[in-house]
Amino acid sequence: MVWRLFSILAVSLGLSVVKPSPIEAQSSKSSLALLEELTNAHGPSGFEGPVRKIMRREWAGLVSNLETDGMGNLLGTLKGTAEGPRVLLMAHMDEVGFIVRFIDDDGFIYFNPVGGYFDQSILTQQMKIMTPKGPVIGYTGMKSGHSFQGDERNQMVELRDVFLDIGARSRLEAEDIFGIRPGLPITYDADFRDLNGTGRYLAKAWDDRAGLAAITEVLQRLQDRSHPNTVVVAATTQEEISGRRGASVVYESLKPDIVLNLEIGVASDFPLLTSPKEAQGQLGGGPSLFVFDGSMLPNQKLIEWIMEVADRNGIDYQFESVSGYGEDASVLQRSGRGIPAINLGITTRYAHSQLGVVELTDYEKMVDLLHVLVMGLTEEQAAAIRDFDS
Ligand SMILES: [Zn+2]
């Protein structure tokens with residue numbers, strides 16, 4: 001908060017606001033290129049192929065044993081100077097989206113949600129249906145403002161009644177010409193944008209492509225460093241649907257000793273429908289340490305150690321505690337004989353809507369934090385985190 005006030009003051013005085021960068025400066029340009037490519041890729045739960053293709057290309061030269069398991073998770077290993085501890089860095093490839101439910105006689109498309117939505121956010125959006133014939137653009141139409149009656153203007157349209165207009169004149173045309181059928185994936189049709197030179201960026205699917213990009217940059221940094229552990233990585237599938245199904249089989253392949261899960265944090269630093277009583281994330285506040293979420297309680301010694309490492313390295317961080325939130329680390333935590341795990345968030349505004357806003361410095365600080373955490377995770381440190389008796 002102190003830094004935030006200073007920034008506002010400095011901006012109003014016309015000063016250049018560059019916070020001292022911890023550890024090492026990373027090329028923002030390459031970070032942005034990766035973030036742009038990943039957030040523009042279309043991959044709702046169960047249809048992560050386009051994202052996996054990018055991740056496979058990015059990780060191919062960075063890890064060994066690059067493989068896909070039976071759920072479509074992409075897995076890899078980067079051996080350091082020791083076999084253990086095995087440190088898992090994990091983020092999910094899928095994004096919130098929709099799946100075609102049925103096509104009505106007039107060629108309008110109805111859909112089921114993949115992920116949690118505020119129904120009001122789905123109306124009047126441009127979307128893309130991925131078909132075997134290629135992408136089909138559609139629009140979630142609504143009644144014209146000219147024809148509202150009484151208080152109709154204040155009523156909400158529920159998701160089950162929202163439809164996509166693809167221009168088809170009949171079901172037959174939607175099926176035969178466009179290649180639409182029930183079960184095909186739909187995502188928002190939106191592109192990555194620089195938000196007016198503010199260091200903030202507008203894109204869909206920050207959740208969780210920002211996490212995948214951060215892991216990739218950490219792997220790049222670790223290439224010429226000797227880290228006292230073995231890093232294992234997982235880009236998971238089907239996180240946005242209940243059961244976090246991709247992550248549920250990751251333990252079987254990677255057998256981690258410590259889990260650092262990368263996710264989005266939930267911003268509450270904007271005026272509408274939000275309160276710090278419900279979510280605490282602030283853009284520019286640094287990585288979020290989730291002290292609680294609806295799916296798990298993190299290991300307490302792991303939190304304490306991360307705070308200490310961040311403090312020592314001058315990396316800002318913030319705390320988050322969000323009950324309506326779940327994530328993949330909760331599944332790994334309960335695998336094997338139980339694994340110390342934590343969820344770390346890159347704060348995002350407007351998550352689970354068409355677009356979100358992220359501040360690049362939060363992403364860069366997350367890469368810095370992950371890097372120093374991996375460098376510090378010795379067998380001795382991991383044993384201290386796992387020790388419940390002292
Ligand atoms: Zn997520």
Side-chain angles (χ1 to χ4, degrees), residues 34-35 38-48 50-52 54-55 71-74 88-98 113-118 121 185 187-188 190 192 201 203-216 233-248 250 259-268 278-281 283 287-296 298 318 320-333 341-358 362-363 366 370:
L34 183 58
L35 287 167
L38 280 170
T39 53
N40 282 348
H42 295 274
S45 308
F47 300 89
E48 297 88 352
V51 186
R52 185 165 39 246
I54 298 168
M55 296 313 298
M71 285 294 290
N73 300 306
L74 185 66
L88 172 61
L89 308 180
M90 178 168 61
H92 65 88
M93 293 186 284
D94 55 319
E95 67 192 283
V96 291
F98 308 90
V114 175
Y117 287 100
F118 177 44
S121 73
T187 57
Y188 288 112
F192 181 95
Y201 294 84
K204 71 169 186 65
W206 288 116
D207 181 3
D208 189 15
R209 311 288 163 70
L212 293 171
I215 292 173
T216 305
V233 290
T236 62
T237 59
Q238 301 189 31
E239 191 276 345
E240 294 292 358
I241 47 179
S242 65
R244 297 168 196 111
R245 298 165 202 184
S248 68
V250 166
V259 176
L260 304 175
N261 191 54
L262 276 291
E263 259 289 359
I264 58 153
V266 183
S268 66
E278 294 148 8
Q280 299 78 35
L283 294 193
S288 280
L289 278 51
F290 274 77
V291 295
F292 166 87
D293 71 53
S295 66
M296 82 167 195
Q318 47 191 332
E320 274 208 62
S321 180
V322 189
S323 57
Y325 181 110
E327 35 77 26
D328 274 348
S330 63
V331 177
L332 269 293
Q333 182 185 47
I342 189 166
N343 187 51
L344 303 169
I346 297 165
T347 301
T348 304
R349 286 181 178 166
Y350 325 123
H352 288 218
S353 71
Q354 186 205 33
L355 290 156
V357 174
V358 159
D362 290 329
Y363 168 81
M366 180 65 91
L370 275 183

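For ligands, and for the atoms within them, numbers begin at 1 and follow the listed sequence.
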Considering all heavy atoms, the nearest V331-S248 contact: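 Of all heavy-atom pairs spanning V331 and S248, the closest is CG1-CA, 3.3 Å.
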
Ring center gap for Y188 and F98 short of 6.0 angstrom: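 Yes, they do, as the ring centres are separated by less than 6.0 Å.
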
Under-2.8 Å neighbours of the Zn ion (ligand 1), protein N/O/S atoms only: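 If we list every protein N, O or S atom nearer than 2.8 Å to the Zn ion (ligand 1), we get 4.
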
Test item: E48 side-chain N/O and G46 main-chain N/O as donor-acceptor pair under 3.5 Å: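 Looks like yes, one N/O pair under 3.5 Å.
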
Q280 side chain to Q318 backbone, donor-acceptor under 3.5 Å: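 Not a single qualifying donor-acceptor pair exists.
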
Chi angles and distances behind the side-chain hydrogen bond (donor to acceptor under 3.5 Å, both in side chains) call for T347, D362: CA-CA 7 Å; T347 301; D362 290 329; 4.9 Å; no

Set of residues satisfying salt bridge (Lys or Arg N to Asp or Glu O under 4.0 Å) with respect to E95, sequence neighbours excluded: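 Checked E95 against salt bridge (Lys or Arg N to Asp or Glu O under 4.0 Å); matches are K204, R209.
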
